[in-house]
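To find a chain, count down the sequence lines: A is the first, B the second, and so on, and within it residues start at 1. FYI, side chains are in, hydrogens and waters are out, and symmetry mates aren't considered; it's all heavy atoms of this structure.
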There are 2 protein chains.
Amino acid sequence: MAGLTDRTYHHGDLKVALLAAARSMVEEEGGDAFTLREAARRAGVSHGAPAHHFGDKTGLLTELAVQVMSERVEQVEAARIAAGPDPVDQLKACGMAHILFMISHPRLERLCWQDTLVHRDDPALLAVLQRMAAGLIESMSAATGKMLIPDKEANPSTLLAISVVHGFAQMVNERVILQDVPEQERQTRALAMADDMLELVGTVFGNELPKDV
Amino acid sequence: MAGLTDRTYHHGDLKVALLAAARSMVEEEGGDAFTLREAARRAGVSHGAPAHHFGDKTGLLTELAVQVMSERVEQVEAARIAAGPDPVDQLKACGMAHILFMISHPRLERLCWQDTLVHRDDPALLAVLQRMAAGLIESMSAATGKMLIPDKEANPSTLLAISVVHGFAQMVNERVILQDVPEQERQTRALAMADDMLELVGTVFGNELPKDV
DNA sequence: GCGCGTATATAGACACTGTAAAGATTTATC
DNA sequence: GATAAATCTTTACAGTGTCTATATACGCGC
């Protein structure tokens, strides 16, 4: 046949090869620039091959999104453990970890929320988002001293915390702020700003706390 | 020729017709679903016609983005005026107006930040964003009592305010929160939540204020 | 070791897309 | 009224995602 140079007919590890190709493509050029055919090309395989493993373009990207979100959850969890015993410290550490991950992987982060590229209702994706939410609830419960039910949306403090973290990272990524800062400085400056900001947010929780928990 | 039914050869108002078509397409299906050819079809014109007015697909969408952002700035400004004399009230009103606009036009809002679909460095777009920032700085200066220089990024309070507003709206739009709420309730519930949250944010400014300005 | 079902990969086709170039038609200007 | 400019059509081309039919290799029962 054509196209088969030294490889065997069966690739052997095509699924992970395609995911790796997709990851680097998205990282470099963004989710919109991802192409099933180019991914197949990079994996050294015909353009029809991916269908057998992912069925669909969005199928492939959905698996990538799950991968990315899992990494994010793990890194946040690690940061919380490293933060020591104080729950408010833990909460801040989680926020910083979220922000760090998001601004370190802007295009991957964006991908995970693009419903034209990802099956937002995929069970695995929903599961990892669930894990993310659970971590937040736990941190929040510890920090405010009261047990919070998973109906996180009713609580203004929790909402404030997520919104700040999510919003700040998004604005950095979308160049709403720090537009003209050179790439190398961007991250450190963003983190410094985030630190100040989350400190300020901490005062909100400080105010509504009995102060001795 | 073919395709010309009752219309004259020259459309007469093709530019606005295409923008209108684009707007409804984006509103209904999102920016990724927008198609130059379909827009031309809706305007009753051949697929090559748009090029003469916008040059490019992103050119057209950029003009749409400018249109949308202008509306947003105007509505926010109107809300601030309607809020009365108290600067903190004004600030909250601006925040609510931003949120209201964003959750009312989720897909249009998203479009404005998608750098694969929009020329983010377009002069007109930059200008309207500048206007948006200026409004915020002014509100913020009035609310905190001190004159703020346009280096808004250095100020943690300002940063907190933008992040909360931007982040909250984004999370509503991307179904991170209020996923399962029926469409008709979503907006009112989101606004109620936003109101509580911004009230909480207000306490932050209240704390750092001399309290009598 | 052998056959056979199944998983995996290929190849070609189809309907789309955006963009570019060349021709046709109307409007504007002198 | 002639000529230039603006506007629209048409044709063509290189991509894309997905579908279908075909080819190849693997794994399991015997």
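For the pair A:L117 CG and D:dT16 P, the computed distance is 15 Å after rounding to whole Å. Counting to the nearest Å, the C1' atom of C:dT17 and the CE atom of B:M25 are 12 Å from each other. Nucleotide C:dT27 holds its C1' atom 15 Å from the CG atom of B:L14, rounded to whole Å. Across the protein-nucleic acid pair, B:K15 atom NZ and D:dC8 atom P stand 12 Å apart, rounded to whole Å. In this structure, A:D32 places its CG atom 16 Å from C1' of D:dG15, rounding to the nearest Å. Between the P atom of C:dA7 and the CZ atom of A:F54 lies a distance of 17 Å, rounded to the nearest Å. Atoms CG (A:L36) and P (D:dC19) sit 11 Å apart, rounded to a whole Å. With rounding to whole Å, B:L18 atom CG is found 12 Å from D:dC8 atom C1'.
Residue-environment remark: CD (A:E29) stays at or below the threshold of 12 foreign heavy atoms within 6.0 Å.
Side-chain atoms of A:N173 come within 3.5 Å of backbone atoms of A:M102 as a donor-acceptor pair (strictly under, hydrogens ignored). Without hydrogens or angle criteria, A:D13 side chain to A:V16 main chain gives no donor-acceptor distance under 3.5 Å.
For a distance-only test at 3.5 Å, the side chain of A:R37 fails to qualify as a donor-acceptor partner of the base of D:dG15. You won't find any donor-acceptor pair under 3.5 Å spanning the side chain of B:H52 and the base of D:dA6, going by distance alone. A donor-acceptor contact under 3.5 Å is not formed by the side chain of A:H47 with the base of D:dG15.
Across B:C94 and B:S139, no two heavy atoms sit closer than the pair SG-OG, 3.8 Å.
For A:T35, counting side-chain heavy atoms from C-beta on, the closest listed nucleotide (D:dG17, D:dC8, C:dA9) is D:dG17.
Backbone-only engagement by B:H53 is indicated by non-hydrogen atom pairs under 4.0 Å involving sugar-phosphate atoms exclusively.
B:L18 CG to B:M25 CE: the interatomic distance, rounded to the nearest 0.5 Å, is 10.5 Å.
At the phosphate of D:dT16, OP1 or OP2 sits under 4.0 Å from a side-chain N or O atom of A:R41.
Heavy-atom nearest nucleotides on DNA chain D were determined for A:E38 and for A:G48, and the one closer to the 5' end corresponds to A:E38.
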